[in-house]
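Comments concern the structure below.
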Protein chains: 2
Amino acid sequence: MSRSNPRVLSTLERAGGFASAQEIYRLMQREGESIGLTTVYRSLQSLVNDKIVDVLRRDDGEAIYRLCGDAHHHHLVCKACGDTVEIEGGAIEKWAKVMAEEHGFRDVGHTAEIFGICSKC
Amino acid sequence: MSRSNPRVLSTLERAGGFASAQEIYRLMQREGESIGLTTVYRSLQSLVNDKIVDVLRRDDGEAIYRLCGDAHHHHLVCKACGDTVEIEGGAIEKWAKVMAEEHGFRDVGHTAEIFGICSKC
DNA sequence: GTGGGAATGAAAATCATTTTCATTTGTGAT
DNA sequence: ATCACAAATGAAAATGATTTTCATTCCCAC
């Protein structure tokens, strides 16, 4: 296993905490950093594993990474501009728990996202 | 421009109104329908243009299509055996609507899935 | 210094999706 | 029926993100 290259995280931060792997790679190149695309992907994966960054999907399917706060949250994403709002999901937590119990599931987790067009678009 | 091949739509319906292009293609092949992957993609694009189907992204980035306005459901998936249960998500629909309104989003959709270990595993 | 495991990156492989292009099909006019 | 032309089709190549492979380099404990 490989650990994350710290320059990747710092570039993601500088990018406004929101960028795709390819964008981070290009950014680092432009800034004269010597790094391989492979390492960028590996670092991002490891950051996702460590729950330091979050991964979402753009409409075209490209994965975008963003720094995430520590609390478990969900996202409201604009399909047009990609703007993202972190929202609270208490209702979901409850729903997931009830549904899991009802069907005898244990060790449950869940994903939930809302997407639409934001007021600016 | 090409119009949608009706067999694609009917296969999507039969698939539970929720499938990727590749899945639809494989399904049609298995059922002995003669069709090319290109046509499946083209038909789906055209259905999306006509707003007859909706497109979302799976976590792995693959595009999934579903009939618009179809009362959609959610899934409870076992991480161990892959068994899947369809569950009702009224709570989610409400949550999504409230959150969207609160943040001024329109044309909203959502995804939600619960995963865990089922009683048999 | 030396050995071994971790990190790196170039190049090849993978996979969904799109594009190209030659062929087939359908349709309407004659 | 025949001709002409637009639309539909699909095989194969192109594209683009991501992953895998593998040989090399780096680093640290001994």
Side-chain angles (χ1 to χ4, degrees), chain A residues 1-12 15-68 77 79 82 84 111 113 115, chain B residues 1-12 15-66 82 111 113:
Chain A
M1 287 298 113
S2 65
R3 210 112 24 91
S4 158
N5 180 318
R7 288 174 295 152
V8 170
L9 180 54
S10 99
T11 304
L12 179 57
F18 211 137
S20 75
Q22 304 278 345
E23 284 162 1
I24 290 171
Y25 175 64
R26 273 179 246 128
L27 240 159
M28 293 181 79
Q29 294 237 304
R30 222 174 296 132
E31 291 173 357
E33 300 241 33
S34 162
I35 195 166
L37 186 53
T38 314
T39 303
V40 172
Y41 274 106
R42 265 194 293 240
S43 293
L44 288 170
Q45 272 174 334
S46 140
L47 288 168
V48 169
N49 276 348
D50 297 349
K51 300 199 194 311
I52 293 167
V53 311
D54 239 4
V55 56
L56 315 175
R57 292 278 170 182
R58 264 209 294 252
D59 252 15
D60 66 353
E62 194 173 349
I64 47 181
Y65 302 84
R66 83 198 293 267
L67 296 166
C68 69
V77 186
K79 285 194 280 193
T84 300
T111 59
E113 274 190 31
F115 43 87
Chain B
M1 287 296 114
S2 65
R3 209 107 29 85
S4 158
N5 181 317
R7 289 174 294 153
V8 170
L9 180 54
S10 99
T11 304
L12 178 56
F18 214 138
S20 75
Q22 303 279 345
E23 283 162 3
I24 290 171
Y25 175 64
R26 273 178 244 128
L27 239 158
M28 293 180 80
Q29 295 238 303
R30 221 174 297 134
E31 289 172 1
E33 300 240 34
S34 161
I35 196 166
L37 185 53
T38 314
T39 303
V40 173
Y41 274 105
R42 266 195 292 241
S43 293
L44 287 170
Q45 272 173 335
S46 138
L47 288 167
V48 169
N49 277 346
D50 298 349
K51 303 200 193 308
I52 294 167
V53 311
D54 238 4
V55 55
L56 319 173
R57 291 276 169 183
R58 261 208 299 249
D59 257 14
D60 66 353
E62 196 172 348
I64 48 180
Y65 303 84
R66 73 148 194 248
T111 58
E113 273 191 29

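In what follows, chains are A, B, ... by sequence order, proteins preceding strands, each numbered from 1.
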Check against side chain to side chain contact (heavy atoms under 4.5 Å, CB included), A:Leu56 and A:Phe18: CA-CA 10 Å; A:Leu56 315 175; A:Phe18 211 137; 4.1 Å; yes
Euclidean distance, atom CD of residue A:Glu62 to atom C1' of D:dT15 [Å, nearest integer]: 13 Å
Look for any protein N or O under 3.5 Å of an N or O in nucleotides 23-25 of chain C and output each such pair with its distance, or none.
none

Pairs touching residues 15-30 of chain A that satisfy salt bridge (Lys or Arg N to Asp or Glu O under 4.0 Å), sequence neighbours left out: A:Glu23-A:Arg58
A:Thr38: partners by side-chain hydrogen bond (donor to acceptor under 3.5 Å, both in side chains), with sequence neighbours left out: none
Test side chain to side chain contact (heavy atoms under 4.5 Å, CB included) applied to B:Leu12 and B:Val53, step by step: CA-CA 9 Å; B:Leu12 178 56; B:Val53 311; 3.6 Å; yes
Out of D:dT21, C:dT17, D:dG10, whichever nucleotide has its closest atom nearest the side chain of B:Gln22: C:dT17
Nearest-Å distance for atom pair CZ/P, residues B:Arg58 and C:dC15: 14 Å
B:Arg57/B:Glu62 under side chain to side chain contact (heavy atoms under 4.5 Å, CB included): CA gap, chis, key distance, verdict: CA-CA 6 Å; B:Arg57 291 276 169 183; B:Glu62 196 172 348; over 6 Å; no
A:Arg57, nearest nucleotide to its side chain (from D:dG10, D:dT21, D:dT18): D:dT18
Pairing residues for B:Tyr41 by the side-chain contact (heavy atoms from CB on, under 4.5 Å) criterion, not counting sequence neighbours: B:Ala21, B:Gln22, B:Leu37
Side chain to side chain contact (heavy atoms under 4.5 Å, CB included) assessment of A:Arg42 paired with A:Asn5: CA-CA 9 Å; A:Arg42 265 194 293 240; A:Asn5 180 318; over 6 Å; no
Separation of atom CZ in B:Arg42 from atom C1' in C:dT19, rounded to whole Å: 9 Å
Length of the CG-C1' vector between A:Leu56 and D:dA17, whole Å: 17 Å
Contacts of A:Thr39 that satisfy side-chain hydrogen bond (donor to acceptor under 3.5 Å, both in side chains) - sequence neighbours left out: none
Sugar-phosphate only, base, or nothing, as touched by B:Gln45 at under 4.0 Å among non-hydrogen atoms: sugar-phosphate
Within residues 30-38 of chain A: residues closer than 4.0 Å to DNA chain C (heavy atoms): A:Ser34, A:Ile35, A:Gly36, A:Thr38
Side-chain N or O of A:Asn5 closer than 4.0 Å to phosphate OP1/OP2 of C:dA7: no
Spacing of A:Tyr25 atom OH relative to D:dG16 atom C1', expressed in whole Å: 14 Å
Any side-chain heavy-atom pair of B:Asp59 and A:Val55 under 4.5 Å: no
B:Thr39, nearest nucleotide to its side chain (from C:dG9, D:dT18, D:dG10): D:dG10
Whole-Å gap separating C1' (C:dT17) and CZ (B:Arg26): 14 Å
Residue A:Tyr41, side-chain heavy atoms: nucleotide from C:dT20, D:dT19, C:dT17 that is nearest: D:dT19
